[in-house]
Amino acid sequence: MTSLTVLGSSGGSPTRTNPASGYLLRSGDTTIWLDAGTGTFMALAAHTDPGTLSAVVLSHMHVDHCADLFGLYGYLAFGPSGIVPIPVYVPKGAAEHLAAFAGAGAEHVFRVVLDIVEVGAGDSVPVGDLRLRFGDARHSVPGLVTRIETADGVIAYSGDTGPGSDLDEIGHEADLLLCEASIAGERDAQSYSHHLTAAEAGAIAEAAGAARLVVTHFATGVVPETAVAEAQAVFGGPVDAAKPGETFTIGEEE
Ligand SMILES: [Zn+2]
Ligand SMILES: [Zn+2]
């Protein structure tokens with residue numbers, strides 16, 4: 001069985017009850033922290049020892065997806081530590097960005113505990129028994145859409161994206177598509193081009209042939225139940241809203 005636990009699903013900023021974007025994927029002995037949004041490090045630590053992570057994926061360099069990487073950095077460098085280095089897959093240009101925040105020169109401990117690896121569309125890497133494949137998001141900064149292939153099936157994740165990303169292909173016949181739905185209602189001239197409406201998330205799930213859709217990254221004012229209904233109107237499969245602490249599974253129970 002492979003599970004995806006929601007650490008936070010708040011878009012843009014954390015709220016008092018919901019961290020920003022972060023998910024814990026567990027499959028056999030392999031654990032992946034998928035986006036390290038504000039507030040998600042402590043939520044992660046409630047579920048697993050962060051020092052035993054197999055890998056981290058940061059979809060892009062907005063703080064609501066990457067800021068808590070520095071919580072992991074402190075944990076590994078100055079705290080309980082773990083099995084280092086932990087690989088961190090990031091979009092192009094992000095490695096120096098992260099190192100600059102840590103003030104990390106060539107010999108710095110940041111580079112000892114974290115192995116930051118830039119990836120892009122078409123790249124594929126093994127993590128334990130899993131395989132990650134990446135595509136391009138359409139966002140205001142370079143971003144990744146991510147396909148995670150496991151023995152139990154496929155989970156795909158949008159990160160932040162507007163229409164026109166590689167998600168149709170990266171999410172092809174996914175057992176679970178985790179897709180942002182930042183914008184309420186119909187797209188209009190004022191809508192951000194670098195985020196999706198819930199209906200657009202539903203249309204991507206339908207085009208990709210996904211079995212199931214979980215909508216996430218709820219901006220202030222977006223009601224998750226409304227987003228589910230809007231996605232459900234265009235997607236034939238089941239739709240759920242990502243809520244902190246909730247776990248979705250694919251594959252057989254062990
Ligand atoms: Zn975001
Ligand atoms: Zn973003």
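Every heavy atom of this structure was used, including side-chain atoms; hydrogens, water molecules and symmetry mates were not. Whatever order the structure lists ligands and atoms in, that order sets their numbers, starting from 1.
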Does E225 form a salt bridge (charged side-chain N to carboxylate O under 4.0 Å, His left out) with K243? I'd like the steps, not just the answer. CA-CA 11 Å; E225 289 70 24; K243 299 203 170 144; 2.6 Å; yes
Quick check on R212: does its CZ atom have over 12 non-hydrogen neighbours (other residues, nucleotides or ligands) under 6.0 Å away? yes
Output the atom name for the N/O/S atom of H139 with the smallest distance to the Zn ion (ligand 2). NE2
If you look at D64, which of its N/O/S atoms is nearest to the Zn ion (ligand 1)? OD2
Using 2.8 Å as the threshold, say whether any N, O or S atom from H195 sits that close to the Zn ion (ligand 2). no
Indicate if the distance from the Zn ion (ligand 1) to the nearest N, O or S atom of H62 falls below 2.8 Å. no
Side-chain heavy atoms of R187 within contact of P163, under 4.5 Å: yes
Among the N/O/S atoms of D160, which is closest to the Zn ion (ligand 1)? Give the atom name. OD2
Between D115 and Y89, is any side-chain donor less than 3.5 angstrom from a side-chain acceptor? no
Does any N, O or S atom in H194 come within less than 2.8 Å of the Zn ion (ligand 2)? no
L76 side chain near I86 side chain, heavy-atom distance below 4.5 Å: yes
SB check R147 E173 (cutoff 4.0 Å): no
Check all N, O or S atoms of H217 and name the one closest to the Zn ion (ligand 1). NE2
